[in-house]
Visitor: 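Take this structure first; my questions come after.
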Amino acid sequence: MQRPYAEVRYVCSRITIHHNSRVELKWKRSLHHCAQCDVGGTYRGWGISCGAIHYGRCTPVTFPFPQNYNVNRRKGNGQGVIPVAKVIPTRSVRAQPEEVSVVDGGQEKPYDTNKKSTLSVPNSNKDGREIIPKDSPSNDIISSQKDKGKENKELSPSSTTATPTVTTITISDKKDKTKKLDINKYRNVNSASIPKFYFPYGRPATGEQTDSLMKNALEEIAKLPDGKVYKHQMGNIVKACNLPLYWKALLFHASGGDKQGYITQQSFTAMWKRIFHSCHDEAARFVKLSTKPGCSHLTEDDFLPLVQDVVDTHPGLTFLREAPEFHSRYVNTVIARIFYNVNRSWNGKITITELRKSNFLQTLALLEQEDDINVIVDFFSYEHFYVIYCKFWELDKDHDLYIDKADLARHNDHAMSMRVIDRIFSGSVMRGKSLTEGKMSYPEFVWFLISEEDKKHPTSVEYWFRCMDIDGDGVISMYEMEFFYEEQMQKMESMGIEKLPFEDCLCQMLDLVRPREEGKITLADLKNCKMTNIFFDTFLNLDKFLEHEQRDPFSNIRDLDSDVPEPSDWEKYAAEEYEILLAEEGANEQEEM
C-alpha cells in the first residue's frame, strides 16, 4: 500500500553522557528536553531534543501530543497520560548510536548531527503526524548509512564533542525520487574554537624583541673586564634590557650574583631564558625575579634586596647611609607599607594579580626620575618613615621594638577607646603571633597608625570593620555599635560634655552609611560610603568625634573642577606631624646650645 507521505530516517551521532547520568525511558513517547542544545526550535518549532544530558541543567518535559492521540492505541484502552523522561544519577555509561524514522509530510527537514543525543525523536509532531520508530512493523524507509561495525563502536566517556557517523540523508517521496543532502552545512556554527584570553603571566610578545634585549645585555657584559659584572655595575645592564633602574638588585640576585659576587654571560643567559621567555609582563617578571624558583607569590623577605639597594644607591637617601643603624627601620617601614597597600587578601603573600592592580611598579620606576625621595609619597617617603618611627619611639618606653596595651592607649593622649584596643590585641584583626601574646611589633604599628589616620583607605576600612565586628558574622549590628558607643558616652560624661543618646547617634550613622539592609552595616556598605572616617571616629576615637561635630559640614566637599589630586588624610597628617617634629627638634637644639 502506497503511503501518502514521505518517510525519513535520522541516524544520530555518537555522543558522551556527561556527569555520570543516564536517561531512563519508561515509554517510547517520553521526551527529555534540553534548552541548551534544542534543535527543535531551529528546524521544526515543536521542541525536538538532542537528548544530551547536562547534569543539573536539563528539565524533563512532556512532548505536546495532540489531545485526541491514543497513547495506548495498540491496547485499545483509550487515552492515557504521556510520561516524562527521568534523569537518574548513576555510574558512567556509554551511549550507542540510535536510528529513528520521522514522517513529515514530504518536507525536507535537515538534522543537525553535531547535537548530542541519546534519545529517540518524539513519536508525534505538532500536526499530529505519526513518527514511526525504526523497529515498527510498518516501517518502510529508504536511507543510506555507514557500516554497522563503525556505528556500534563505543565512545570514550572523556570525549566532549559528538563525532557524526552519517554525512548524508536520503529522503524518498511518493514518486520514489531520491535526493541527497549535505549535512555539513547544517552543523552548529557556534562550534568554532574560542581564542585564548587568559594569560596569567602576561600576553606573549614577539620572541625577536626579547632576544634582541638579551643580546644588548650580553654585549654590555662583554665590554667589562673578564666578562664579570659586579653589583655596582648592574645599572648599564638593566638599561640595556629596557627595565627600570632599581630592578638591578633583582637581576643580580636572580642570576646567582649573591653566591659568586658577580654574574657572567652564561648565568645571565640562563636566568633570562628561564624567566623572560615564560613571563611577558612587568608584574610576572618582577615576581619571578624576586622569589625562589617554583614560588608564585612575594613575601616580606623577597623585598629586602630591593629596598636595601634603594637605600644604598638613591641620591635622596645619602644622609641615611651615614646612619646604618636606621637602615633596618626604614626597610621594615617600606615593606610594611607595600603590604598594606598591595596585599588586599591580608595573607602576607602578594600575588601577580595583586601586583598588577597596584601602583607599586609605577612608583618604583619613578625613583629613577626623582632625586628627592620625599616627592614620592607612596611607600618610599623618608618623611613618612620619620613620622611613623618617632610615634612608635614615644610609645615604646623600654625600646625593645614592642609595645603593649598600656603603651598603645597613650597614643594621641588616650583618645582611642580601650575596647577597640582590646580587640586589636585579641588577634582578630591581624595574624601576628606577638599580638596574641600582648605585644605589638613595629610593622603592626605601621598598619595601625596609617589605619588610624586615614580611615577612607580600603585597607583601613577593613581594619576597623574587623575591630567592630565582634561576632565575626560580616555585619556590624546595632548591638555592636552600642557596645563601642557606651565607652564614648562615659568619657563625655566624665569630661562634662553633653552626650548624644545612642538612639539619635544610631539614626545619624544609618543616614550617613545608608546600608542596603536596615539595621545592619556590611563591609560593602562602608566602602561605598564617602565618609567612613566619621562613622568609625564616632565609635572609636572621641577626640576626632568631637572635632567632626564642630567642623564646618561643607569642609569635606572637594573641588571637582581642580585637576590637582587631593592628598589623602594620611599624607596631610604626615606633613603636619613632620613640621611639628622638626620644630620640636629645633627648639631642643637651641636649649642645648
Side-chain angles (χ1 to χ4, degrees), residues 199-296 298 301-318 321 350 352 355-356 359-373 376 379-380:
F199 301 95
Y201 298 108
R203 186 177 293 274
T206 58
E208 298 178 357
Q209 182 180 2
T210 305
D211 294 338
S212 64
L213 294 176
M214 183 184 69
K215 184 179 178 180
N216 296 337
L218 295 178
E219 291 177 356
E220 291 291 333
I221 296 176
K223 296 177 182 179
L224 298 174
D226 300 330
K228 297 180 180 179
V229 184
Y230 294 91
K231 190 173 183 179
H232 65 277
Q233 299 172 327
M234 286 296 297
N236 294 332
I237 308 300
V238 171
K239 301 312 294 181
C241 299
N242 196 22
L243 294 174
L245 176 63
Y246 288 96
W247 284 41
K248 57 182 185 293
L250 304 180
L251 288 177
F252 186 80
H253 175 74
S255 301
D258 292 342
K259 298 179 181 180
Q260 300 178 354
Y262 60 87
I263 64 174
T264 60
Q265 288 184 342
Q266 291 77 10
S267 61
F268 183 85
T269 303
M271 178 275 301
W272 188 272
K273 292 181 178 180
R274 185 181 74 252
I275 296 177
F276 285 80
H277 284 187
S278 59
C279 303
H280 309 287
D281 67 346
E282 281 191 346
R285 290 172 178 175
F286 184 89
V287 172
K288 291 299 181 181
L289 287 172
S290 304
T291 58
K292 299 177 181 179
C295 188
S296 60
L298 294 166
D301 295 338
D302 295 329
F303 286 94
L304 292 176
L306 171 68
V307 183
Q308 186 63 46
D309 181 65
V310 174
V311 174
D312 296 336
T313 60
H314 196 277
L317 295 175
T318 305
R321 298 187 201 114
I350 297 178
I352 298 176
L355 195 62
R356 283 197 192 104
N359 66 335
F360 173 73
L361 295 179
Q362 292 80 356
T363 304
L364 186 63
L366 288 176
L367 292 177
E368 181 182 357
Q369 305 173 9
E370 289 290 344
D371 293 339
D372 187 2
I373 196 73
I376 305 174
F379 311 116
F380 297 97

Visitor: Enter the distance from R321:CZ to H314:NE2 here, rounded to the nearest 0.5 Å.
Guide: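 NE2 of H314 is found 9.0 Å from CZ of R321.
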
Visitor: Taking all atoms of both residues into account, what is the closest heavy-atom pair of Y230 and G261, and its distance?
Guide: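 Result for this residue pair: CD2-O, 3.3 Å.
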
Visitor: Does anything in residues 272-293 pair up under salt bridge (Lys or Arg N to Asp or Glu O under 4.0 Å), and if so which pairs, sequence neighbours excluded?
Guide: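 Qualifying pairs: D281-R356.
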
Visitor: Do L250 and L306 come within less than 4.5 Å of each other through their side chains, counting heavy atoms only?
Guide: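 They are in side-chain contact.
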
Visitor: Got L364 and F379 here, is their nearest side-chain heavy-atom distance under 4.5 Å?
Guide: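 No, every pair of side-chain atoms sits at 4.5 Å or beyond.
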
Visitor: Partners of F199 by side chain to side chain contact (heavy atoms under 4.5 Å, CB included), sequence neighbours excluded?
Guide: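 Partners of F199 by the side chain to side chain contact (heavy atoms under 4.5 Å, CB included) criterion, ordered by chain and then number, come out as K196, R203, P204.
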
Visitor: How about F276 and C241: do any of their side-chain heavy atoms sit closer than 4.5 Å?
Guide: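 No - every pair of side-chain heavy atoms lies 4.5 Å or more apart.
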
Visitor: Within a 6.0 Å radius of atom CG on D312, are there more than 12 heavy atoms belonging to other residues, nucleotides or ligands?
Guide: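 Yes, the 6.0 Å shell around CG holds more than 12 heavy atoms from other groups.
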
Visitor: With distance as the sole test, does S278 use its side chain to make a donor-acceptor pair with the main-chain N or O of I275 at under 3.5 Å?
Guide: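 It does hold such a pair.
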
Visitor: Is there side-chain contact between Y246 and T313, with at least one heavy-atom pair below 4.5 Å?
Guide: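 Y246 reaches T313 side chain to side chain.
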
Visitor: Please tell me if the side chains of F380 and L317 come closer than 4.5 Å, counting only heavy atoms from C-beta onward.
Guide: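 Not in contact.
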
Visitor: Search all heavy atoms of S255 against all heavy atoms of I263 and return the closest pair with its distance.
Guide: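 Closest heavy-atom pair between S255 and I263: CB-CG2, 3.6 Å.
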
Visitor: Applying the side-chain contact (heavy atoms from CB on, under 4.5 Å) test to F252, which of V229, I237, D258, D309 qualifies?
Guide: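 Looking at V229, I237, D258, D309, the match for F252 under the side-chain contact (heavy atoms from CB on, under 4.5 Å) is D258.
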
Visitor: Would you mind reporting whether I352 and L298 have side-chain heavy atoms less than 4.5 Å apart?
Guide: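 No, too far: nothing below the 4.5 Å cut-off.
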
Visitor: Any side-chain heavy atom of D302 within less than 4.5 Å of one from F286?
Guide: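 Result no, sub-4.5 Å side-chain heavy-atom pair not found.
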
Visitor: List the steps, then state whether ring pair (Phe, Tyr, Trp, His ring centres under 6.0 Å) holds for F303 with F360.
Guide: CA-CA 12 Å; F303 286 94; F360 173 73; 5.8 Å; yes

Visitor: Distance check, rounded to the nearest 0.5 Å: T291 atom OG1 versus I350 atom CD1?
Guide: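 Result: 12.0 Å between the selected atoms.
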
Visitor: For the residue pair L289 and A254, what are the closest heavy atoms and their distance?
Guide: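 Between these two residues, the closest heavy atoms are CD2-CB, 3.7 Å.
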
